[in-house]
Amino acid sequence: MRKLARTLRLLLAVELALYAALALWLGPSMGWVRVLAVALTAAIVLRAGPILLSCVIASVHASPMPRRDCIGPLRLLGALLTEIGAAMLLFTVLMPFQRSARVAPSGSDRSPIVLVHAYLCNAGSWRWLRRRLAERGYDVFAVDLEPFCDIDRHVPVLARRVDEVRGRSSAGKVVLIGHSMGGLAIRAYLRARGPQHVERVVTLGAPHHGSVHARMAPGENGRQMRPDSPWLRALEASERGAFPVPFTSIYSRHDNLVAPQESSR
């Protein structure tokens, strides 16, 4: 989503300009080292704040936790710091400056993989997973979706990408991997276009039954991801209790953006 990348770069430029203005205003009186410390603290707080809020909401609405899956305070702190670090990297480097990976067909007879990103993300979020899958001999591609539109409007975009990838491969089908909202976009694609071009589906932390966080998410897709939304009910009814292709849902009981976490089952 080039539009999102441009927006994120603009926001970064505005943020840097504000820090520069702060430095010019406070630098002579506070000292440049202190001003730099204030700017770094502000940058971290701006990115850590939403993560901390999401964790609070997820804990309030958490699914029952089996004892075997409980983690201690040190592992919980480590997971939180990792999440904050990943969010900072994602929104300041990977997505604003996403690069189009040029993947030449490897000649493998494996079905190529198409990656479908999450809400408010773009293909840049897949940087390392694309690389690791490619190292294992897969042809890996991604798709860019619009940020705030109806999830059903993602179907033609995903369908075109699937057709493009199939045209570049000797395999007749693709594997679809969707993160968060991307998993719902894949289900919408299967409902509208059928399973004939799909070998299997894998979803990562997808809110298959909605997430309470979506109550704060702007856009039609945000409303569709709310628990028990009319769109989710209609999607589930159309599937009649079964998927037309092998379907694997990978999720964490400690997810801070999908709550209750059992929604991903």
Have a look at Val114 and tell me which of Val198, Leu158, Ile177 forms a side chain to side chain contact (heavy atoms under 4.5 Å, CB included) with it.
Leu158
Heavy-atom pair with the smallest gap, counting every atom of [X] and [Y]:
{"X": "Asp255", "Y": "Gly205", "answer": "OD2-CA, 4.1 Å"}
{"X": "Ala188", "Y": "Asp152", "answer": "CB-OD1, 3.8 Å"}
{"X": "Arg110", "Y": "Ala171", "answer": "O-CB, 4.0 Å"}
{"X": "Trp126", "Y": "Ala142", "answer": "CD1-CB, 4.3 Å"}
{"X": "Asn256", "Y": "Cys55", "answer": "CB-SG, 3.8 Å"}
{"X": "Glu262", "Y": "Ser63", "answer": "N-OG, 2.9 Å"}

Donor-acceptor contact below 3.5 Å, side chain [X] vs main chain [Y]:
{"X": "His209", "Y": "Arg265", "answer": "yes"}
{"X": "Thr82", "Y": "Gly78", "answer": "yes"}
{"X": "Ser264", "Y": "Ala206", "answer": "yes"}
{"X": "Thr41", "Y": "Ala37", "answer": "yes"}
{"X": "Ser169", "Y": "Pro112", "answer": "no"}

Side-chain heavy atoms of [X] within contact of [Y], under 4.5 Å:
{"X": "Lys173", "Y": "Val245", "value": "no"}
{"X": "Leu235", "Y": "Gln224", "value": "no"}
{"X": "Arg223", "Y": "Ser229", "value": "no"}
{"X": "Phe141", "Y": "Glu164", "value": "no"}
{"X": "His254", "Y": "Met65", "value": "yes"}
{"X": "Val162", "Y": "Tyr189", "value": "yes"}
{"X": "Arg130", "Y": "Leu115", "value": "yes"}
{"X": "Met181", "Y": "His154", "value": "yes"}

What distance separates [X] [atom1] from [Y] [atom2], expressed to the nearest 0.5 Å?
{"X": "Arg253", "Y": "Asp69", "atom1": "CZ", "atom2": "CG", "answer": "5.0 Å"}
{"X": "Thr92", "Y": "Phe97", "atom1": "OG1", "atom2": "CZ", "answer": "8.5 Å"}
{"X": "Leu176", "Y": "Glu199", "atom1": "CG", "atom2": "CD", "answer": "10.5 Å"}
{"X": "Asn221", "Y": "Leu120", "atom1": "CG", "atom2": "CG", "answer": "7.5 Å"}
{"X": "Leu184", "Y": "Met225", "atom1": "CG", "atom2": "CE", "answer": "7.0 Å"}
{"X": "Leu36", "Y": "Leu40", "atom1": "CG", "atom2": "CG", "answer": "4.5 Å"}

Residues which pass ring-ring contact (aromatic ring centres under 6.0 Å, His included) with His208, listed by chain and number, not counting sequence neighbours
Phe247
Going by the rule ring-ring contact (aromatic ring centres under 6.0 Å, His included), which residues pair with Tyr251 if we only count those two or more places apart in sequence or in a different chain?
none
Hey, is Glu135 close enough to Arg132 for a salt bridge, meaning N to O under 4.0 Å?
no
Salt bridge between Arg153 and Glu146, side-chain N to carboxylate O under 4.0 Å?
no
For the residue pair Ser211 / His213, report whether a side-chain donor-acceptor contact shorter than 3.5 Å exists.
yes
Is there a path of hydrophobic side-chain contacts, each under 4.5 Å between heavy atoms, that joins [X] and [Y]?
{"X": "Leu89", "Y": "Leu4", "value": "yes"}
{"X": "Val165", "Y": "Leu190", "value": "yes"}
{"X": "Met95", "Y": "Trp128", "value": "yes"}
{"X": "Leu90", "Y": "Val93", "value": "yes"}
{"X": "Val175", "Y": "Ile250", "value": "yes"}

Atom CZ of Arg233: over 12 foreign heavy atoms under 6.0 Å
yes
What do the steps show when you test Val174 against His197 for side chain to side chain contact (heavy atoms under 4.5 Å, CB included), and what is the final call?
CA-CA 6 Å; Val174 301; His197 299 319; 5.5 Å; no
Name all residues meeting the salt bridge (Lys or Arg N to Asp or Glu O under 4.0 Å) criterion together with Arg166; count only those two or more places apart in sequence or in a different chain, and write none if there are none.
Asp163
Checking one residue: Leu80. Which other hydrophobic residues are in its cluster under the side-chain 4.5 Å linking rule?
Ile44, Ile51, Leu52, Ile84, Met88
Working note: Phe91 + Leu11, criterion side chain to side chain contact (heavy atoms under 4.5 Å, CB included); need CA distance, chi angles, decisive distance, verdict.
CA-CA 10 Å; Phe91 286 96; Leu11 291 174; over 6 Å; no
Partner set under side chain to side chain contact (heavy atoms under 4.5 Å, CB included) for Pro227, not counting sequence neighbours:
Val212, Arg215
Partners passing side chain to side chain donor-acceptor pair (under 3.5 Å) against Glu236 (at least two apart in sequence or in another chain)
none
